[in-house]
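FYI, the numbering just counts along the sequence from 1.
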Amino acid sequence: MAGKKFALTEETLAVIEDIGGHMPGGFFIYKFKHPEELIYVNKAVFDIFGCADIEEFKALTGWTFRGMVHPEDYDRVSAAIVDQIGANNDQMDYAEYRIIRRDGKVRWVDDYGHYCETTAYGGIYTVFISDITEKREQRETDKATRDAVISTLTNSYNTVWLISDVATEENSLYHTDLDAAHEAAIRNALNHARYTDTKTEYVATMVAAEDQARMQEQIGLPFILKQFETKDQFSVTFVRALESEPRHYRVDIGKVLMPGGRLGVMMGFKDVEDEVQRELEYKRRIAEANASARNEFLTNISHDIRTPMNAIVGYANIAKSRRSEPEVVDDALESIGSSSHFLLSLINDILDISKIESGRMQVNPAPCNLNDIFRRIEDITVLQAKNKSLFITYRHDSVRHVHVKADELRIEQVLVNIISNAIKYTPVGKTVDLIAEEEPAEGSRNLYRFIVRDTGIGISEDYLPHIFESFSREEKTTVNRIQGTGLGLAISAKVVEMMGGKIFVKSKVGEGSEFTVELELESLESDEAAGESAIGDIDLSGRRVLLVEDNDINAEIAEMILSEYGIDIERAENGQICLDKILSHGNGYYDAVLMDIQMPVMNGLDAARAIRAMQGDYFRTLPVIAISANTSDGDVMDCLSAGMNAHLPKPFEPFDLLKILDEHINKKEAAGWAF
């Protein structure tokens, strides 16, 4: 405000004194020229300096501005005031400095001053001050804390760059662990270069050749700003070319909001060679552990497959050599059947764990009858228990709503796995129980609880947390002689999870184990009155079925099963022969088609599509049922998409084949789908 006049006189000073006496903060006026004599000081200033009145204040300060300021701060404050006067603007100057109170205590004040010229007093300063000691101490504490945090964070990096403004590409060396000489040189270079130039030079001279092209892009501003659109920080790793040896480095890049609305970037360069080596060592150990587990699994599975195969081959030879002894042949066939079921369960386990690990396993809920599931479970497991001289019971009388929507094959798989395990690990003469319970849940859903309890060898407390891990078997002599892949419980746990259920286990060594599966299933009340089907209830006599199968043995087995129940069988060796036969005989000749998938000339999928493409309701509704060893969820979906009505996996039980034919011939006719 240099050049402006302020009408300060003896008369107007009295008015200012009256106003100043009522101000809550300190206010004083002093002459600019030496010795900076005070013109007016209000009572609030006396209080700040610990003085009772003007006389004490004059004695303390000599009635000059210089006397008010701590001697060590005066030159700094005075120089700042002169600079602000020289700037010739109308802004108030600001300063912080120390004072010494009358009691000798040092305090901090802030000073807002304004220079102007008067006729009576010449150049003067009007000043507002307040005691900021506590506020400044808190600020210093906060700053020290912040600086300590920043220092700790930045010290974890070898070097930190700061791009203070991405628009101008101003950048500087914020932190480095280099010696002072190198630090000064780098700081000077960065301060006089645009970031893009600095980055280009750094990558060309410090980054290994194989990473240079990638790093030129990934620490370039266009790439950085693109990343900041979705995240505030990211990292880039590279190999740094050092004279001693190449080392892995990581750049942590973070968004910084700078004063004035500018966007900045903080880049921390860190040597991560030790981390990389530890990670590589960890991966190596994991790979070795996986290879070991894989080798152990292959050894176990080889042994477990050979065991039932040896039994099948051995008992087949016995049956051939002693055909005149029916009892021996019957026993041999029963043993062959048991071994075949075990072999099939091993194959299914391997396929299922593969589906789980690849994320391809699915559950397919559909209307089903829990009593059917219980019957099949009993058929499968009662022989296992009998062969081991165990007492096994099945209690499911309390299950009232047996018609539910669920994946019956998966439920059966889970319970058979758990019961088979219980039988395997339960000594001769002990017991195994399957108990099924039901209680209401929300809406039309019920909670079904399946409990498998045994009095076997039990599971150790240390092994219990690993009971549902793949390829896992407890290491003890009583277990290691028992066949198994260690997959059954892992598969069961995953299947239960996919069905939205829970599985629990409790066990005590020497006393037995108890597995509990809980599933919430939708009850189909409208089906409650439906009766249970059995082979004796199915009448397919006189029906004509076209069996499309290229394998002679598979065809012979199917023909023997179906002809036993009065079904007329015709065979086609591939899909093309199947089409020729259907066309030559015309509408209504065949009641159903049993279709293999993998066949020469024309496969089953193409044959099914061709049938559905023929003109007429007969070809549109003719039951086409896949019978295939392709049993994955994707294979089933392919069959249905090709127009087939259902899928029956090989090998199959006679009842399952007859049941599916009954459903798609007799029951559809009863519903009005006569051909």
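- Here the side chains of Arg376 and Asp656 are in contact, with some heavy-atom distance below 4.5 Å.
- The pair Arg609-Asp606 meets the salt-bridge criterion, with a side-chain N (NZ, NE, NH1 or NH2) lying under 4.0 Å from an Asp/Glu carboxylate O.
- The environment of Glu556 atom CD is sparse: at most 12 non-hydrogen atoms of other residues, nucleotides or ligands sit within 6.0 angstrom.
- Counting heavy-atom neighbours within 6.0 Å of Tyr315 OH, excluding the residue itself, gives a total of 12 or less.
- Using a cutoff of 4.0 Å between basic side-chain nitrogens and carboxylate oxygens, Asp433 and Arg453 are not scored as salt-bridged.
- We find that Asp454 and Lys424 are not joined by a salt bridge, their nearest charged nitrogen and carboxylate oxygen being 4.0 Å or further apart.
- Ser523 places no side-chain N or O within 3.5 Å of a backbone atom of Val404 that could act as its donor or acceptor partner.
- Between Leu547 and Met595 the shortest side-chain heavy-atom distance does not fall below 4.5 Å.
- Under the 3.5 Å distance criterion, the side-chain polar atoms of Lys255 are left unmatched by any main-chain donor or acceptor of Lys231.
- Closest non-hydrogen pair, Asn574 versus Val548, comes out as O-CG1, 3.6 Å.
- Taking both residues in full, the closest heavy atoms of Leu434 and Val452 are given as CD1-CG2, 4.0 Å, listed atom of the first, atom of the second, then distance.
- Counted within 6.0 Å of CD on Gln277, heavy atoms from surrounding residues, nucleotides or ligands total more than 12; the atom is thus considered enclosed.
- Salt bridge Arg250/Asp252: present, at least one basic N to carboxylate O contact under 4.0 Å.
- Sorted pairs that involve residues 439-461 and meet ring pair (Phe, Tyr, Trp, His ring centres under 6.0 Å), not counting sequence neighbours, are lacking altogether.
- A salt bridge links Arg445 with Glu520; the closest basic N to acidic carboxylate O contact falls under 4.0 Å.
- The residues Arg375 and Glu378 are annotated as not salt-bridged, no charged nitrogen and carboxylate oxygen being separated by less than 4.0 angstrom.
- Counting only distance, with no hydrogens or angles, the side chain of Arg449 and the backbone of Ala436 share no donor-acceptor pair below 3.5 Å.
- Residue Ile459 comes nearest to Ser507 through the heavy atom pair N-OG, 2.8 Å, listed as atom of the first residue, atom of the second, then distance.
- Between Pro440 and Asn446, the shortest heavy-atom distance links the atoms CA-OD1, 3.7 Å.
- Between Arg214 and Asp211 there is a salt bridge, since at least one side-chain N of the basic residue sits less than 4.0 Å from a carboxylate O of the acidic one.
- Here the closest non-hydrogen pair linking Ile660 and Ala646 is CD1-CB, 3.5 Å.
- Within 6.0 Å of CZ on Phe391 lie no more than 12 heavy atoms contributed by other residues, nucleotides or ligands.
- By the 4.0 Å N-to-carboxylate-O rule, Glu549 lies too far from Arg571 to be salt-bridged with it.
- The backbone N or O of Gly643 sits less than 3.5 Å from a side-chain atom of Arg612, completing a donor-acceptor pair.
- For the residue pair Leu658 and Leu540, the shortest heavy atom distance occurs at O-CD1, 3.9 Å.
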message: Between Arg278 and Glu281, is the salt bridge (charged side-chain N to carboxylate O under 4.0 Å, His left out) condition met? List the steps.
response: CA-CA 5 Å; Arg278 283 196 297 269; Glu281 176 64 15; over 6 Å; no
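- No more than 12 heavy atoms of other residues, nucleotides or ligands lie within 6.0 Å of CD in Gln233, so this atom counts as exposed by the packing criterion.
- Rounded to the nearest 0.5 angstrom, Glu438 CD and His401 NE2 are separated by 5.5 Å.
- You'll find the side chain of Glu514 reaches within 4.5 Å of the side chain of Ile451, heavy atoms only.
- Side chain of Lys508 to backbone of Ser513: no donor-acceptor contact under 3.5 angstrom is found.
- Residues satisfying the ring pair (Phe, Tyr, Trp, His ring centres under 6.0 Å) test with Phe374, not counting sequence neighbours, are His396.
- Atoms OG1 and CD1, from Thr426 and Ile419 in turn, are 11.5 Å apart once rounded to the nearest 0.5 Å.
- A salt bridge is defined here as a Lys NZ or Arg NE, NH1 or NH2 lying under 4.0 Å from an Asp or Glu carboxylate O, and Glu288 with Arg285 fails to meet this definition.
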